[in-house]
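By convention here, the first residue in the shown sequence is residue 1. Keep in mind that what you see is a predicted model, and the values were worked out from it rather than measured.
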Amino acid sequence: MTRARPPLRLLLLPEPRLVSGTLEVSLGPRKAQLLLALTLNGTLTVDDMMEMLWPHPDDMPDCWYPAITQWMVRLNRTLAPFGWTLQVRPRRGCGWRLVPYQKEHDMSRREDQALAMLRARRFCTPLEIGRAATRGEVRANRLTNTDRQRIGLEVIAVLLKAGKVKVARNNEVTLVT
């Protein structure tokens, strides 16, 4: 049984801040503006951000895209302790959306993906199982092969305990028939 996370609230008065349970972080006006736009619109495009950060075109810096990326990185760091992250979405141009951070140990989904791979192939290595298990996760592209292999071994341990797979001496994993 998983515990429900406390709701994330954006309080604007007397000063902008994020509150969730006992955790509270103060925000600047720009971060609050970006977060409010994200929660209202769902997706925030580059054009929207340009208009919000620099309402007057004369104020826009020459290199505006790195500045936008820097603002989103700062906002993402602020959201991390609350269990939220910004995901890049290629929807009508480049943009971002607010999504709950997927925990590393979403084991049931990982098990299902590993079993699907084993059904399609005769055998797999722990690294291949780790790759299959993390496919589609928000931060999967940031994982190293060592991380994927560790995740593969964790998934294999759970599947071994359930009696669904067996491991050969050469570390090849196969389905129990």
Side-chain angles (χ1 to χ4, degrees), residues 2-107 109-110 113-114 117 126-152 154-155:
T2 58
R3 265 184 16 196
R5 97 178 73 211
L8 182 65
R9 296 183 300 160
L10 173 62
L11 303 176
L12 299 174
L13 295 173
E15 64 182 35
R17 62 193 188 281
L18 274 176
V19 178
S20 179
T22 59
L23 190 58
E24 184 173 329
V25 173
S26 181
L27 298 174
R30 288 271 174 100
K31 282 185 187 176
Q33 183 183 17
L34 291 171
L35 192 57
L36 187 60
L38 274 166
T39 55
L40 294 175
N41 299 335
T43 300
L44 196 57
T45 65
V46 173
D47 294 334
D48 296 336
M49 290 188 61
M50 283 173 39
E51 289 176 16
M52 283 179 13
L53 294 172
W54 304 287
H56 305 291
D58 298 336
D59 297 339
M60 191 179 338
D62 293 333
C63 296
W64 53 267
Y65 192 77
I68 288 176
T69 304
Q70 187 177 26
W71 273 107
M72 297 315 280
V73 166
R74 288 177 188 161
L75 184 58
N76 208 18
R77 285 185 189 144
T78 303
L79 292 167
F82 295 99
W84 290 84
T85 188
L86 295 171
Q87 185 179 51
V88 177
R89 301 299 290 172
R91 180 178 155 201
R92 284 179 288 190
C94 185
W96 292 265
R97 75 178 184 141
L98 192 60
V99 294
Y101 177 71
Q102 292 178 347
K103 297 278 187 200
E104 257 191 277
H105 52 277
D106 184 8
M107 199 55 81
R109 189 190 58 75
R110 287 181 171 180
Q113 286 181 291
M117 183 178 196
L127 177 60
E128 292 168 331
I129 288 178
R131 282 189 186 130
T134 57
R135 191 169 293 126
E137 291 184 7
V138 173
R139 297 176 186 244
N141 61 342
R142 296 183 185 165
L143 294 173
T144 64
N145 280 344
T146 305
D147 294 331
R148 288 186 182 101
Q149 188 159 9
R150 178 186 49 79
I151 291 167
E154 290 172 3
V155 170

Worksheet entry | Sole candidate of Leu27, Ile68, Leu75 that passes side-chain contact (heavy atoms from CB on, under 4.5 Å) when paired with Leu34 |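 Considering Leu27, Ile68, Leu75, a side-chain contact (heavy atoms from CB on, under 4.5 Å) with Leu34 is found only for Leu75.
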Item to complete: Check for a donor-acceptor pair, side chain of Thr45 on one end and backbone N or O of Asp48 on the other, with a separation under 3.5 Å.
Response: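 Yes, because the side chain of Thr45 sits within donor-acceptor range (under 3.5 Å) of the backbone of Asp48.
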Rounded distance (nearest 0.5 Å) linking atom [atom1] of [X] with atom [atom2] of [Y]:
X	Y	atom1	atom2	value
Leu35	Thr78	CG	OG1	9.0 Å
Gln33	Met49	CD	CE	9.5 Å
Leu23	Arg17	CG	CZ	12.5 Å
Leu11	Glu24	CG	CD	7.0 Å
Arg9	Thr39	CZ	OG1	14.0 Å

Worksheet item: Which heavy atom in Ala133 sits nearest to a heavy atom in Val155, and how many Å separate them?
Response: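 Where Ala133 meets Val155 most closely, the heavy atoms are CB-CG2, 4.1 Å.
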Worksheet, complete the sentence: Between Asn145 and Leu127 the two heavy atoms that sit nearest each other are O-CD1, 3.4 Å
Item to complete: Output, in order, the C-alpha distance, side-chain angles, deciding distance and verdict of side-chain contact (heavy atoms from CB on, under 4.5 Å) for Leu53 and Trp64.
Response: CA-CA 10 Å; Leu53 294 172; Trp64 53 267; over 6 Å; no
Worksheet item: Does the pair Gln113 and Ile129 meet the rule for a side-chain contact (heavy atoms from CB on, under 4.5 Å), with working shown?
Response: CA-CA 8 Å; Gln113 286 181 291; Ile129 288 178; over 6 Å; no
Any [X] side-chain heavy atom under 4.5 Å of [Y] side chain:
X	Y	value
Asp147	Thr144	yes
Ser26	Glu15	yes
Leu36	Met52	no

Item to complete: Please list, chain by chain and in numerical order, all residues satisfying side chain to side chain donor-acceptor pair (under 3.5 Å) with Gln149, sequence neighbours excluded.
Response: none
Discussion item. Is there a side-chain contact (heavy atoms from CB on, under 4.5 Å) between Arg74 and Arg30? Walk through the geometry before answering.
Written reply: CA-CA 11 Å; Arg74 288 177 188 161; Arg30 288 271 174 100; over 6 Å; no
